[in-house]
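Inspection log for the structure reproduced underneath, given as structure tokens.
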Protein chains: 2
Amino acid sequence: MTISTYAQNVSHPPFAVTVDLVVLTIRESELCVLLVQRGEEPFSGQWALPGGFVLVDEDIEAAAYRELAEETGVSEGLHLEQLASYGAPDRDPRMRTVSVAWLALAPELAEPVAGTDAAHAEWVPVAETGLLTLAFDHERILADGLERARAKIEYSPLAAAFCPTEFTVGQLRKVYEAVWGHSLDPRNFHRKVTRTEGFLSETGGTSTIDGGRPAKLYRAGTRAMLNPPIRR
Amino acid sequence: MTISTYAQNVSHPPFAVTVDLVVLTIRESELCVLLVQRGEEPFSGQWALPGGFVLVDEDIEAAAYRELAEETGVSEGLHLEQLASYGAPDRDPRMRTVSVAWLALAPELAEPVAGTDAAHAEWVPVAETGLLTLAFDHERILADGLERARAKIEYSPLAAAFCPTEFTVGQLRKVYEAVWGHSLDPRNFHRKVTRTEGFLSETGGTSTIDGGRPAKLYRAGTRAMLNPPIRR
DNA sequence: TCCATTTCTTGTCAAGATGACGATAAGTAC
DNA sequence: GTACTTATCGTCATCTTGACAAGAAATGGA
């Protein structure tokens, strides 16, 4: 019995459910997304978002975490949130599929991308993805993920998810600049993030990693929402 | 072949996919949600969000629109956006199900709720839903829908979706007050919405429906985002 | 008719936030 | 030491907000 004939006979036709990941990081001040090169049909050889089937009895969020760990080699500390679901009837030529897409943000550390799958995985600068044709409806998913990230760092402390545990105001500013694609005034940015109660918490240490005067180190604060937001 | 035995034999186990709707409206200055009383097991007799199975070859968004039209009797003009998906393995005791939840906003007109399903549908004030136990994981879905609505009217023109085509500033303010659950200064609110370029467009007409001095009528403007937002 | 009441609309003013940018601090490289 | 870098603080005009006064324009009742 194939899936399609099976589907005719029940009130709740069977779907395959997958998770797809938009994993973003910042490398050399550039916003990058994790892409894999597909090794099999359909779309063999094309770039795609990492992802896979949800297992029987596996929570969809657990599936997203599992794929994330498999693809990045990092199993915790990454921010992961649900993005949206995509379920056009023809989005996968093989079968009726609904994909639950997730947005993950990783600090730069996440260098070693050891694909458990044979597939070749790579960090691709977002600016260059416009030239690529992604498999399935992954171009839309990526666009939605980028828009979510751009919107969310405005009014949440999420940008810190791109940074190591301790970071300087300058590093945080470079995150905003990479995600938004334009520069910000260092002095006004500094005033905004340091004067917003609960946004950052000082660690006491300093860093000279970027040269110049030593910068104070901060950790992400406890505040969940920024009001008023950081303006693009 | 049952679903569960079928699932053992393929790399992509079959799921049932449903859509569930959080349909909000405002009645007598109160935020209300559309709930149906379940007529069958599981959770027979309990309140639930309206929804149903996605059909074979039906787009998930089309399924949401179909259910929305079936439950409200209104087939267009309503705002509908995807909320999130819920896929815990045990969320439906009958089978493995993933539900794609949608948020819909309706103007008050939508009185006649003629359930095509035998199920009894009713507008329930959101303030009273805390006393109810909803079926499945619908309490969480409702909570997520409310949070989305509360957050989104802040920086988008979405509140107008609760109003008829033409409305007064006072009516719009009552929407914000109902959704946020507290009152706003009429004068500052008036200044904010009328001085924000592109948010409202004057129709030329006036209305005395709420008593007092006649109020100018407006239509929703063309602007998609508010920056700075309307503050809660 | 006059008046109280209602809601709408404009305006004022102090406090807070933003954007542009000057100036100083405190490191590193030579 | 000098040049260069980045960090941090400060100034100031402009914009936005929150609190609230006051007038405009309808309704209903004495």
Side-chain angles (χ1 to χ4, degrees), chain A residues 26 28-29 153-155 159-160 163-164 166-178 180 182-219 223 225-232, chain B residues 28-29 153-155 159 163-164 166-178 180 182-219 223 225-232:
Chain A
I26 289 169
E28 297 165 21
S29 299
I153 61 173
E154 215 169 323
Y155 58 88
C163 296
E166 299 194 0
F167 53 89
T168 68
V169 173
Q171 289 174 317
L172 187 64
R173 177 169 47 81
K174 283 183 173 49
V175 169
Y176 280 88
E177 293 178 335
W180 285 342
H182 62 78
S183 59
L184 297 168
D185 185 288
R187 297 158 292 187
N188 291 338
F189 182 83
H190 189 279
R191 177 181 59 193
K192 176 69 178 178
V193 298
T194 57
R195 307 275 264 265
T196 298
E197 199 70 28
F199 187 58
L200 296 179
S201 88
E202 217 169 308
T203 69
T206 58
S207 161
T208 55
I209 206 168
D210 289 318
R213 172 175 169 180
K216 288 183 189 167
L217 284 168
Y218 295 87
R219 257 188 277 275
R223 180 192 272 244
M225 295 298 265
L226 284 176
N227 201 332
I230 297 171
R231 315 227 5 217
R232 296 201 205 194
Chain B
E28 297 165 20
S29 299
I153 62 174
E154 219 169 318
Y155 58 87
C163 296
E166 299 193 359
F167 53 89
T168 68
V169 173
Q171 290 175 317
L172 187 64
R173 178 169 47 80
K174 282 183 176 50
V175 168
Y176 280 87
E177 293 179 333
W180 285 342
H182 62 78
S183 59
L184 297 169
D185 184 288
R187 297 158 291 186
N188 292 338
F189 181 83
H190 188 280
R191 176 181 60 193
K192 177 68 178 177
V193 299
T194 56
R195 308 277 262 267
T196 298
E197 198 70 28
F199 187 59
L200 296 178
S201 88
E202 217 170 308
T203 69
T206 59
S207 161
T208 55
I209 207 169
D210 289 318
R213 171 176 170 179
K216 289 183 188 167
L217 285 169
Y218 295 86
R219 257 189 274 275
R223 181 191 272 243
M225 296 297 265
L226 285 176
N227 202 333
I230 297 171
R231 313 215 23 208
R232 298 200 202 193

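Below, each value reflects all heavy atoms present in this structure, side chains not excepted, and no hydrogens, waters or symmetry copies.
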Of A:Thr168 and B:Gly212, the one whose closest nucleotide on DNA chain D sits nearer the 5' end is A:Thr168
Whole-Å distance, B:Lys216 NZ to D:dA24 P, equals 15 Å
OG1 of A:Thr203 to OH of A:Tyr218, rounded to nearest 0.5 Å, is 9.0 Å
Checking C:dT18, C:dT9, D:dT8 against the side chain of A:Arg213 (C-beta onward), the nearest is D:dT8
Walking DNA chain C from its 5' end, the first of B:Gln171 and B:Asn188 to be reached, judged by nearest nucleotide, is B:Gln171
In A:Ile153, A:Val193, A:Thr196, the residue satisfying side chain to side chain contact (heavy atoms under 4.5 Å, CB included) with A:Ile230 is A:Val193
d(B:His190 NE2, B:Thr168 OG1) to nearest 0.5 Å is 9.0 Å
Item to check | Under-4.0 Å side-chain N/O to phosphate OP1/OP2 contact, B:His190 with C:dC8 | outcome: no
To the nearest 10 degrees, the angle between the two end axes of the helix from C:dT1-D:dA30 to C:dC30-D:dG1 (five pairs per end) comes to 0°
Rounded to whole Å, the CZ-P distance (A:Phe189 to C:dA20) equals 16 Å
B:Arg187 CZ to C:dC13 P, in whole Å, measures 15 Å
### Query
Charged N to carboxylate O below 4.0 Å: is that the case for B:Arg223 and B:Glu197?
no
Taken to the nearest whole Å, CZ/B:Arg231 to P/D:dC15 is 18 Å
note: B:Glu197, atom CD; D:dT16, atom P; distance rounded to Å ~ 12 Å
When rounded to whole Å, the CG to C1' distance for the pair B:Leu200 and C:dC8 reads 15 Å
Between the CZ atom in B:Arg232 and the CG atom in A:Asn227, the distance rounded to the nearest 0.5 Å is 8.5 Å
- Task: Kindly assign one of parallel, tilted or perpendicular to the pair B:Trp180 and B:Tyr176, based on the angle between their ring planes and the thresholds 30° and 60°.
- Result: perpendicular
Between the CD atom in A:Glu154 and the CG atom in A:Leu226, the distance rounded to the nearest 0.5 Å is 10.0 Å
From CD1 of B:Ile209 across to C1' of D:dT27 the rounded distance in Å is 15 Å
Ranking D:dT8, C:dC8, C:dT10 by distance to the side chain of B:Ala215, first place goes to C:dC8
Comparing B:Arg232 with B:Pro214, nearest DNA chain D nucleotide closer to 5' gives the residue B:Arg232
Note to self: For a quick check of understanding: with a heavy-atom distance under 4.0 Å over all strands, which category does B:Asp185 fall into, base, sugar-phosphate or nothing?
What the structure shows: base
| said: Classify B:Arg191 by what it touches in the nucleic acid, base, sugar-phosphate, or nothing, heavy-atom distance under 4.0 Å. | reply: base
A:Leu172 atom CG is separated from D:dA7 atom C1', nearest whole Å, by 14 Å
* Can you check whether A:Lys192 has a side-chain N or O nearer than 4.0 Å to OP1 or OP2 of C:dT18? -> yes
Between B:Lys174 and B:Ser29 the two heavy atoms that sit nearest each other are CD-OG, 4.0 Å
When B:Arg195 and A:Thr208 are each assigned the nearest nucleotide of DNA chain C, the 5'-most assignment goes to B:Arg195
